[in-house]
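Here is the structure we will look at, set down as C-alpha cells.
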Amino acid sequence: MSEPSPARPRQVTLAAWLIMVGSVIVVAMVFDQVAGLHTLETRASVEKFLSEPPGNDLGISADAVLTLLRTVAMVAAGCATAAAILGYQVLRRSRSARMALSVIAVPLFLTGLVTGGFVSSVVAASAVMLWLQPARDWFDGITRQPAPAAGAAPAPVGPPPAGQPARPAPYAAPYPAPYPTPYTVPATRPRAVVWACVLTWVFSSIAILGMVGAGVALALEPQPLIDRAREQNPELSAQGVTDNLLLGVTFAMVVALVLWCISAIVLAVFTFRRAEWARIMLVICAGTAAALSLAGLVFGAFLLAFSLVGSVAVAALLIRPDVRPWFAKQR
C-alpha cells in the first residue's frame, strides 16, 4: 500500500509563482528596452557616456555598446523564458527543474544587473528559496513527524490494571512497507508526447532545410545581402566592418541555428524514449525559441510566426498534467 505524497509547502508555491510572474515581467521589460535601443535618445545618452569619464577610457564605439546591450538583453529574455517554464515544473515537484532553475538563476541575475531590472534579482532569490527547509524535504519526499510535546506522559507499558479490558495490539505489517509511489505511471506513451516530438521533428527539419538553402544562396550570390545590410546600417563602413566579416558573421549564425535545430531533434528522440531530462530540456528549448521568434516578429520577421506557434505548441504539450507521470519513475 503506497503512502500519500507530502503536501506542497507554501514556501514552494510562493517561490514558484514569484519565478513565473517575475520572469514574464523580465521578458516584457527586455522587449521594451530592446525597442528603445533604436531611438535617438538612447544613442545620444550612450554617446554622452562615452565622451565623459569613465566612459571615454573604454575605447569602444556607441554602436558596440548598443550591440552589447542588445545581446545582454536577449540573454536575459532567454533565461527568463526558461525560468518561467521551470517555475511551473517546480510546482509539479520536479527535482531536475529545480536544479536547472538554480543554474539559470546565475546568468539571469547578472544580466538583470546590466539591464537595470530589480525583478530578475527577485527571481534569483526565489530560486534560492527552493533549497531551504521545508522545500528541500518536499522535493526529497521526506515527511517529518512533529516532535512530541514537552512533558507528555509516555504510554503505559505492561499489562492493564485489574478490571480493565486489554488494549488491542497495534497492527504490525508482516514485511516493510514499500517506498511510496506518488504517481501512477501510464502503460502507454501519451499522445501529447507523440505530437510534441512529431512537431519538433517537422519544424526543426523545415528550419534546417531553410537555413541550408539560405546558406547555399548566400554562398553563390552574397552581394544582395551585403547591399541590404549596408543600406540598413550605413555606419558599417565607418566601423571597419568588411564584406568578409559580415559574411562570416552571417554564416556563423546560420550554423548556430542549424545546430540548435539538430539538438532539438535529438532531444525529441530522447523524449520519445521516456527521458525526463530530455523533456525538460526540450521545453526550455521550445520556450527560448518562442521568445526569440516573438522578438523577431516585433522587428518585422513575419515568417517567424510559424516558429512561434510550433514552439508554443511543443512546450504546451510537454507540460500537460497527463504527460509528466509517464516520465516519472516509480520509487
Side-chain angles (χ1 to χ4, degrees), residues 1-30 76-113 117-152 177-185 192 276-277 279-281 283-284 287 291 315-331:
M1 185 175 181
S2 61
E3 299 179 3
S5 58
R8 183 173 63 222
R10 295 182 180 180
Q11 172 186 344
V12 176
T13 305
L14 176 62
W17 277 105
L18 285 176
I19 290 171
M20 290 187 291
V21 176
S23 299
V24 173
I25 296 176
V26 169
V27 172
M29 293 174 59
V30 166
C79 293
T81 304
I85 299 172
L86 292 172
Y88 176 79
Q89 295 295 323
V90 164
L91 290 176
R92 310 296 298 177
R93 199 180 172 189
S94 175
R95 299 178 63 181
S96 54
R98 180 182 61 160
M99 179 64 68
L101 187 61
S102 303
V103 176
I104 292 176
V106 177
L108 179 60
F109 174 74
L110 296 177
T111 53
L113 295 178
F118 170 75
V119 186
S120 59
S121 302
V122 176
V123 175
S126 301
V128 176
M129 291 173 57
L130 299 175
W131 293 92
L132 305 177
Q133 294 288 12
R136 188 166 66 247
D137 284 347
W138 181 71
F139 281 102
D140 295 337
I142 299 175
T143 304
R144 299 184 183 272
Q145 300 297 333
Y179 290 101
T181 306
Y183 302 105
T184 302
V185 181
E276 170 69 6
W277 64 268
R279 179 184 73 93
I280 295 177
M281 293 300 298
V283 171
I284 296 175
L317 288 171
L318 292 179
I319 62 176
R320 286 169 55 93
D322 57 335
V323 168
R324 188 173 181 271
W326 186 71
F327 289 92
K329 297 180 180 180
Q330 293 185 0
R331 299 185 181 180

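All of these numbers come straight from a predicted model, not from anything done at the bench. Values reported hereafter were calculated over all heavy atoms of this structure, with side chains retained and with hydrogens, waters and symmetry mates removed.
The CZ atom of Arg95 lies 13.0 Å from the CG atom of Leu130; values are rounded to the nearest 0.5 Å. Rounding to the nearest 0.5 Å places CD1 of Ile284 at 5.0 Å from CE of Met281. Between the CG atom of Leu101 and the CD1 atom of Ile85 there is a distance of 11.5 Å, given to the nearest 0.5 Å. Put simply, CD1 on Ile319 and CD on Gln89 are 6.5 Å apart, with the number rounded to the nearest 0.5 Å.
Contact detail for Ser96 and Ile280: the closest heavy-atom pair is OG-CD1, 2.7 Å. Nearest heavy-atom pair, Glu276 versus Phe327, reported as atom, atom and distance to 0.1 Å: OE1-CB, 2.9 Å. The heavy-atom pair separating Leu91 from Arg8 by the smallest distance is O-NH1, 3.0 Å. The two residues Ser120 and Phe109 have their closest heavy-atom pair at OG-O, 4.5 Å.
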Show me the side-chain donor-acceptor pairs of residues 76-83 shorter than 3.5 Å, one per line, residues at least two apart or across chains.
residue: Thr81; atom: OG1; partner: Ala77; partner atom: O; Å: 2.8

Donor-acceptor pairs under 3.5 angstrom involving side-chain atoms of residues 14-22: please list them, not counting sequence neighbours.
none

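Residues Leu86 and Arg98 form no side-chain contact, since every pair of their non-hydrogen atoms from C-beta on lies 4.5 Å or further apart. Side chains of Trp138 and Gln11 form no contact here, defined as non-hydrogen atoms less than 4.5 Å apart.
Taking a 6.0 Å sphere around CE of Met99, one finds it holds 12 or fewer heavy atoms contributed by other residues, nucleotides or ligands.
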